[in-house]
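Before any comments, here is the structure.
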Amino acid sequence: MSRADHIFIDMCKDILEHGVSTEGEKVRPHWSDGASAYTIKKFGVVNRYDLGEEFPAITLRKTAIKSCTDEMLWIWQKKSNNIQELNSHIWDEWADEDGSIGKAYGYQLGVKHQYKEGMMDQVDRVIYDLKNHPFSRRIMTNIYVHQDLHEMNLYPCAYSMTFNVTQIPGEDKLTLNAILNQRSQDILTANNWNVCQYAVLVHMLAQVCDMQAGELVHVIADAHIYDRHIPLIEELITRPVYDAPKFSLNPKVKNFYDFTPEDVKITDYVTGPQIKNIPVAI
């Protein structure tokens with residue numbers, strides 16, 4: 001099986017067997033019928049993915065790689081907070097009548113800040129440092145901006161990326177590693193989606209900075225399975241698993257802002273059937 005399947009199955013079993021239920025607590029999320037959405041949760045889940053070994057798409061069911069890439073580029077490349085610039089409907093619940101999700105996600109990455117080298121936004125600063133100061137321990141982004149929280153329609157879930165570059169003995173290129181920090185995650189609907197989109201991001205940044213992709217470490221403060229998702233997860237983790245798919249990027253792209261979802265190529269991706277009509281807590 002792929003390493004990503006192994007990690008996902010073990011994480012789900014750990015949450016189901018050793019997690020803490022929020023049933024009976026006063027919770028914010030609710031189902032479309034108005035019922036409270038309770039979870040079984042684990043605190044402080046840490047998963048490590050070696051991107052040099054495989055692309056971490058689970059095979060238990062298909063993860064839509066181009067769609068998750070499109071959302072990642074909407075945030076990191078377009079630096080947008082308007083769903084009219086996104087080719088999916090996953091953010092519709094949190095958008096206002098104009099399509100805005102407020103001062104969240106891409107908006108924060110697009111805000112320019114003063115540095116010694118001049119005015120840059122967070123994405124451009126990451127790329128600048130990777131190219132000019134690759135061994136810096138200060139290469140990171142953070143979109144959980146407290147002064148703007150009251151103007152966000154949803155507080156950021158995946159809120160911080162920390163990049164770290166290593167020189168592996170015997171390797172010609174430097175290796176780009178990253179930590180994704182997430183305050184909260186709905187494991188069934190979002191776990192592998194987030195893992196895959198940030199794996200693509202690391203690969204893209206590595207390519208444009210003439211590096212190779214290394215480890216992606218995913219830190220989840222509150223990793224949870226919703227009550228109505230439990231039987232779906234229980235069935236999912238008993239499915240057959242397959243080898244990880246092959247991943248490649250269009251090698252001609254040397255500028256991060258030139259990437260499109262079509263520059264991502266996934267082959268030999270054999271999976272189990274998709275789970276349809278998953279209830280989503282809001």
Side-chain angles (χ1 to χ4, degrees), residues 28-29 63-113 115 119-130 139-163 178-205 208 216-224 256-261 263-264 280-282:
R28 177 193 55 79
T63 297
I65 307 301
K66 289 190 185 297
S67 293
C68 74
T69 297
D70 179 65
E71 186 202 26
M72 182 274 291
L73 292 175
W74 176 64
I75 298 168
W76 280 76
Q77 187 190 76
K78 294 180 181 178
K79 300 161 192 173
S80 176
N81 62 345
N82 195 295
I83 63 170
Q84 295 173 8
E85 298 183 87
L86 180 64
N87 298 313
S88 68
H89 298 285
I90 57 178
W91 283 94
D92 289 5
E93 293 285 346
W94 293 277
D96 63 21
E97 62 276 7
D98 297 318
S100 173
I101 61 170
K103 291 185 175 180
Y105 284 88
Y107 172 91
Q108 294 296 337
L109 288 179
V111 174
K112 292 188 182 298
H113 302 274
Y115 301 96
M119 297 293 290
M120 283 181 271
D121 63 40
Q122 293 189 60
V123 179
D124 287 338
R125 180 71 201 198
V126 164
I127 295 171
Y128 176 86
D129 280 340
L130 290 177
I139 308 176
M140 63 182 296
T141 62
N142 186 359
I143 61 174
Y144 205 92
V145 179
H146 285 259
Q147 69 183 31
D148 289 337
L149 290 178
H150 69 289
E151 294 187 66
M152 298 182 189
N153 296 355
L154 177 68
Y155 289 7
C157 295
Y159 66 90
S160 174
M161 281 287 280
T162 304
F163 299 93
I179 297 175
L180 170 62
N181 278 296
Q182 193 150 0
R183 64 169 178 83
S184 172
Q185 185 171 72
D186 175 345
I187 295 301
L188 179 61
T189 64
N191 179 260
N192 200 239
W193 176 277
N194 287 147
V195 169
C196 287
Q197 65 186 174
Y198 281 91
V200 172
L201 174 64
V202 173
H203 274 287
M204 286 181 171
L205 291 175
V208 300
L216 172 65
V217 180
H218 190 193
V219 181
I220 313 168
D222 189 308
H224 52 264
F256 176 69
Y257 294 101
D258 290 338
F259 277 116
T260 73
D263 292 312
V264 175
V280 178
I282 57 176

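One distance of note links CE of Met152 with OH of Tyr105; it measures 9.5 Å at 0.5 Å rounding. Atoms OG1 and CH2, from Thr69 and Trp193 in turn, are 8.5 Å apart once rounded to the nearest 0.5 Å. The distance from atom CE of Met119 to atom NZ of Lys112, rounded to the nearest 0.5 Å, is 7.5 Å. We find the CG-CG distance between Asp96 and Asn153 to be 6.0 Å, quoted to the nearest 0.5 Å. Taken from CG in Leu86 to OG in Ser67, the straight-line distance is 9.0 Å, to the nearest 0.5 Å.
Using a 4.5 Å heavy-atom cutoff, the side chains of Phe259 and Leu201 are not in contact. Put simply, the side chain of Phe256 reaches to within 4.5 Å of the side chain of Leu73, judged on heavy atoms. By the 4.5 Å heavy-atom criterion applied to side chains, His203 and Val264 are not counted as neighbours. Looking only at side-chain heavy atoms (C-beta outward), Tyr159 and Asn181 come within less than 4.5 Å of each other. Contact check for Val123 versus Val126: no side-chain heavy atoms found under the 4.5 Å cut-off. Here the side chains of Cys196 and Cys68 are in contact, with some heavy-atom distance below 4.5 Å. Contact of the Trp74 side chain with the Trp91 side chain is registered, since non-hydrogen atoms from C-beta on lie closer than 4.5 Å. Looking at heavy atoms from C-beta onward, Phe163 lies out of side-chain contact with Asp129 at the 4.5 angstrom threshold.
Counting all heavy atoms, side chain and backbone alike, Pro156 lies closest to Leu149 at CD-CD2, 4.4 Å. Looking at every heavy atom in both residues, Gln108 comes nearest to Gln122 through O-NE2, 3.6 Å. A pairwise comparison of heavy atoms in His224 and Ser184 identifies CE1-OG, 3.0 Å as the closest pair. Across every non-hydrogen atom of Asn82 and Ser100, the tightest pair is ND2-N, 3.8 Å. Of all the heavy atoms in Leu154 and Ala104, the pair that sits closest is O-CB, 3.9 Å. Listed here is the closest heavy atom pair of Met161 and Ala178: CE-CB, 3.7 Å.
With Asp186 contributing its side chain and Ala190 its backbone, the two residues share no donor-acceptor pair below 3.5 Å. No donor-acceptor pair under 3.5 Å is formed between the side chain of Asn191 and the backbone N or O of Gln185. Judged purely by atom type and a 3.5 angstrom limit, Thr141 has no side-chain atom pairing as donor or acceptor with the backbone of Ser160. Remark: side-chain polar atoms of Gln84 are paired, donor with acceptor, to backbone N or O of Asp98 under 3.5 angstrom. Of the possible polar contacts, one joining the Asp121 side chain to the Asp124 backbone as a donor-acceptor pair under 3.5 Å is found. Put simply, the side chain of Glu151 never gets that close to the backbone of Lys103: no donor and acceptor are under 3.5 Å apart.
A 6.0 Å sphere centred on CD of Glu85 holds more than 12 heavy atoms belonging to other residues, nucleotides or ligands. No more than 12 heavy atoms of other residues, nucleotides or ligands sit less than 6.0 Å from atom NE2 of His89.
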Legend entry - Trace of the side-chain contact (heavy atoms from CB on, under 4.5 Å) decision for Gln197 with Glu71: CA-CA 8 Å; Gln197 65 186 174; Glu71 186 202 26; 2.9 Å; yes
Inset, instruction - In sequence, state the C-alpha distance, the side-chain angles, and the governing distance for Gln77 and Met204, and then conclude on side-chain contact (heavy atoms from CB on, under 4.5 Å). - result: CA-CA 11 Å; Gln77 187 190 76; Met204 286 181 171; over 6 Å; no
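Remark: Arg183 fails to qualify as a cation-pi partner of Tyr144 under the 6.0 Å distance and 45° angle criteria applied to the six-membered ring.
Taking the six-membered ring where tryptophan is involved, the planes of Trp76 and Tyr198 are perpendicular, since the angle between them exceeds 60° and thus also 30°.
Residues Lys66 and Asp70 are not paired through a salt bridge, judged by the lack of any N-O separation under 4.0 Å between the basic side chain and the carboxylate.
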